Amino acid sequence: MRLLFSSMQWMIFIITTSVVAPIVIGNSFGLPQAEIATLLQRTLFVLGLSGLLQAVLGHRLPIMEGPAGLWWGVFIVYASIVEAGNLGTYEGLQQLEMGMILSGVLFILLALFKLIDHLKKLFTPIVTGTYLLLLVAQLSGSFMNGIFGVGYKQDSVDFSVAVPAVCVLVITILLAKSRVPFIRRYSVLLSLFIGSLLFAVLRLGKSIPQTTSGISVPQIFAWGMPQLNSGMIITSIMIGLLLLTNMLASIYVVEKELQEHTKNYEAVNYNKASFVMGINQWLGGIFSAIGSVPISGSAGFIAMTKIINRLPFILGNVFIILLSFFPMFTTYAAMIPEPVGYAILFYPFTIMIGLALKDYQSTQLGDREYFIIGLSLLVGIGLLFIPGQAINELPSMLRPIINNGLVVGTVICITLDQVIKKQTSVSY
């Protein structure tokens with residue numbers, strides 16, 4: 001029973017952090033609701049299979065796979081090109097399929113030439129601490145908008161949604177801090193049940209849509225055969241290298257968290273992780289889904305629930321794979337109220353700030369380090385406040401990067417950390 005509940009918690013955590021992206025992307029391309037539902041189905045299938053492959057053959061850690069924010073950004077850029085009439089809807093989606101496949105080739109080549117072990121040395125405590133702070137900063141706006149009901153029933157703050165959502169947040173924290181081990185361990189599961197019930201009683205839940213019963217197999221190349229485009233080749237290489245940053249940072253963060261809870265720890269083979277990452281990118285393209293990436297928030301989930309074993313994580317992904325074959329399940333998964341999901345996820349991501357500060361404390365900080373951290377955070381967080389329409393004139397391959405303060409700030413931090421050598425006689 002304990003294994004079942006732990007596996008269900010992983011399943012719920014993965015679903016609640018993943019359902020928004022395919023729904024937003026489907027709407028941005030103007031796809032019919034039936035196609036958005038199948039996109040959600042394929043995305044959950046790919047995420048479950050990707051997490052399973054990494055846990056068994058890749059990094060072998062309990063790190064969930066989620067829709068990569070970078071690919072999300074590229075999809076939105078292409079949606080704007082389609083909306084402007086410069087590209088057909090499915091022509092754009094077919095180019096994106098090819099983009100994910102090309103990105104997978106890059107990861108596999110890096111693994112075959114054993115370059116990942118050299119690249120991982122770039123992730124010093126300064127870099128990973130800054131990465132985590134930028135991650136939380138990037139997500140904080142979505143969390144607050146979600147909890148306050150912005151965009152759920154109306155475009156402004158909705159107190160009828162915000163009050164119960166804040167109650168769910170408080171309940172989640174109280175359950176996670178409970179002295180009763182059972183309650184603390186399964187706080188995510190309990191919080192989802194209480195939150196969904198509360199929203200249903202207050203009639204704040206989503207209306208039940210018509211669903212098709214039976215089994216539906218995720219379709220291969222649902223948008224058509226991939227199309228090669230010269231611009232997408234360059235974009236895929238850039239996105240692949242930046243996704244590598246996300247992958248290495250996520251592995252490092254979860255590694256450190258696990259090391260605090262267990263002595264029987266198996267060292268990660270980063271080249272295997274990169275190879276499987278390449279396969280996972282291929283899966284995104286082949287199944288017309290959204291390219292995945294290991295999610296750092298897994299460390300916050302582990303710190304919150306103390307579920308450190310791989311088996312519950314593996315079974316949680318198996319559950320997602322199996323349930324993705326049932327359209328009724330994927331439809332109901334999309335019905336989880338967004339404010340409830342954001343309220344439940346809020347606490348695990350607050351833990352990430354503590355993990356970032358622990359990374360900073362693990363190294364000696366001086367003027368050099370303060371300068372690198374300050375500059376990286378200032379640029380990374382500052383980019384988050386640039387309106388999307390302000391970068392519309394930039395080349396399409398640059399827009400999702402400039403609009404991603406997490407990646408830009410992390411790359412700046414890595415660059416400065418390597419370029420500026422330790423000099424005690426120099427102040428910045």
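Positions are given from 1 along the sequence. Source: prediction; values computed, not measured.
- Distance alone, capped at 3.5 Å, places no donor-acceptor pair between the Ser274 side chain and the Tyr270 backbone.
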Verdict with reasoning, Phe45 to Phe325, per ring-ring contact (aromatic ring centres under 6.0 Å, His included): CA-CA 8 Å; Phe45 172 76; Phe325 286 87; 5.7 Å; yes
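- In this structure, Glu260 pairs ionically with Lys358, as a charged nitrogen and a carboxylate oxygen lie closer than 4.0 Å.
- The main-chain N or O of Ser160 is found under 3.5 Å from a side-chain atom of Asp158 such that the two form a donor-acceptor pair.
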Could you give me the CA-CA distance, side-chain angles and deciding distance for Val268 and Glu255, then say whether side-chain contact (heavy atoms from CB on, under 4.5 Å) is met? CA-CA 8 Å; Val268 171; Glu255 262 191 306; 3.5 Å; yes
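- The environment of NZ in Lys114 is sparse: at most 12 heavy-atom neighbours from other residues, nucleotides or ligands sit within 6.0 Å.
- Applying the salt bridge (Lys or Arg N to Asp or Glu O under 4.0 Å) test to residues at least two apart or on different chains, the pairs with a partner in residues 49-74 are Arg60-Glu266.
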Where do Gln219 and Ser288 land on the side chain to side chain donor-acceptor pair (under 3.5 Å) test, with the steps shown first? CA-CA 8 Å; Gln219 185 180 353; Ser288 304; over 6 Å; no
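- Annotation: cation-pi geometry not satisfied between Arg310 and Trp10 (NZ/CZ under 6.0 angstrom from ring centroid, within 45° of ring axis).
- In this structure, Ile308 CD1 and Ser6 OG are separated by 11.0 Å, a value rounded to the nearest 0.5 Å.
- Distance check, rounded to the nearest 0.5 Å: OH of Tyr342 to CD1 of Ile147 gives 9.5 Å.
- We find the CH2-CG distance between Trp223 and Leu93 to be 5.0 Å, quoted to the nearest 0.5 Å.
- A donor-acceptor distance shorter than 3.5 angstrom exists from the side chain of Gln9 to the backbone of Val188, with no hydrogens or angles considered.
- Between Leu135 and Met352 the shortest side-chain heavy-atom distance falls below 4.5 Å.
- Note that CZ of Arg2 is 8.5 Å distant from CD1 of Ile307, once rounded to the nearest 0.5 Å.
- Distance alone, capped at 3.5 Å, is enough to place a donor-acceptor pair between the Gln54 side chain and the His59 backbone.
- Taking the six-membered ring where tryptophan is involved, the planes of Phe349 and Phe143 are tilted, since the angle between them lies from 30° to 60°.
- Here the side chain of Arg42 pairs no donor or acceptor atom with the backbone of Pro218 at under 3.5 angstrom.
- Not a single donor-acceptor pair under 3.5 Å links the side chain of Gln95 to the backbone N or O of Tyr78.
- Under the 3.5 Å distance criterion, with hydrogens and angles disregarded, a donor-acceptor pair is assigned to the side chains of Tyr347 and Lys177.
- Summarising the local packing, CZ of Phe275 is surrounded by 12 or fewer heavy atoms from other residues, nucleotides or ligands at distances under 6.0 Å.
- With values rounded to the nearest 0.5 angstrom, Leu47 atom CG is found 12.5 Å from Leu52 atom CG.
- In terms of modelled atom types and a separation under 3.5 Å, the side chain of Thr17 and the main chain of Ile14 share a donor-acceptor contact.
- The closest donor-acceptor contact from the side chain of Glu97 to the backbone of Ile286 lies at 3.5 Å or more, if one exists at all.
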For a side chain to side chain donor-acceptor pair (under 3.5 Å) check, start with the C-alpha distance between Ser296 and Tyr131, then their side-chain angles and the critical distance, and finish with the verdict. CA-CA 10 Å; Ser296 304; Tyr131 169 84; 3.1 Å; yes
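- Between Leu311 and Leu3 there is a side-chain heavy-atom pair separated by less than 4.5 Å.
- Atom CG of Asp417 and atom OG1 of Thr124 lie 3.5 Å apart (nearest 0.5 Å).
- When ring centroids are compared, Tyr252 and Phe123 stay outside the 6.0 Å threshold.
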Test log, rule side-chain contact (heavy atoms from CB on, under 4.5 Å), inputs Thr245 and Val407: CA-CA 8 Å; Thr245 302; Val407 170; 5.9 Å; no
Start with the C-alpha gap between Trp71 and Met100, add the side-chain angles, then the distance that decides, and say whether side-chain contact (heavy atoms from CB on, under 4.5 Å) holds. CA-CA 8 Å; Trp71 278 124; Met100 287 180 275; 3.8 Å; yes
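- With contacts defined as side-chain heavy-atom distances shorter than 4.5 Å, the pair Leu109/Leu115 does not qualify.
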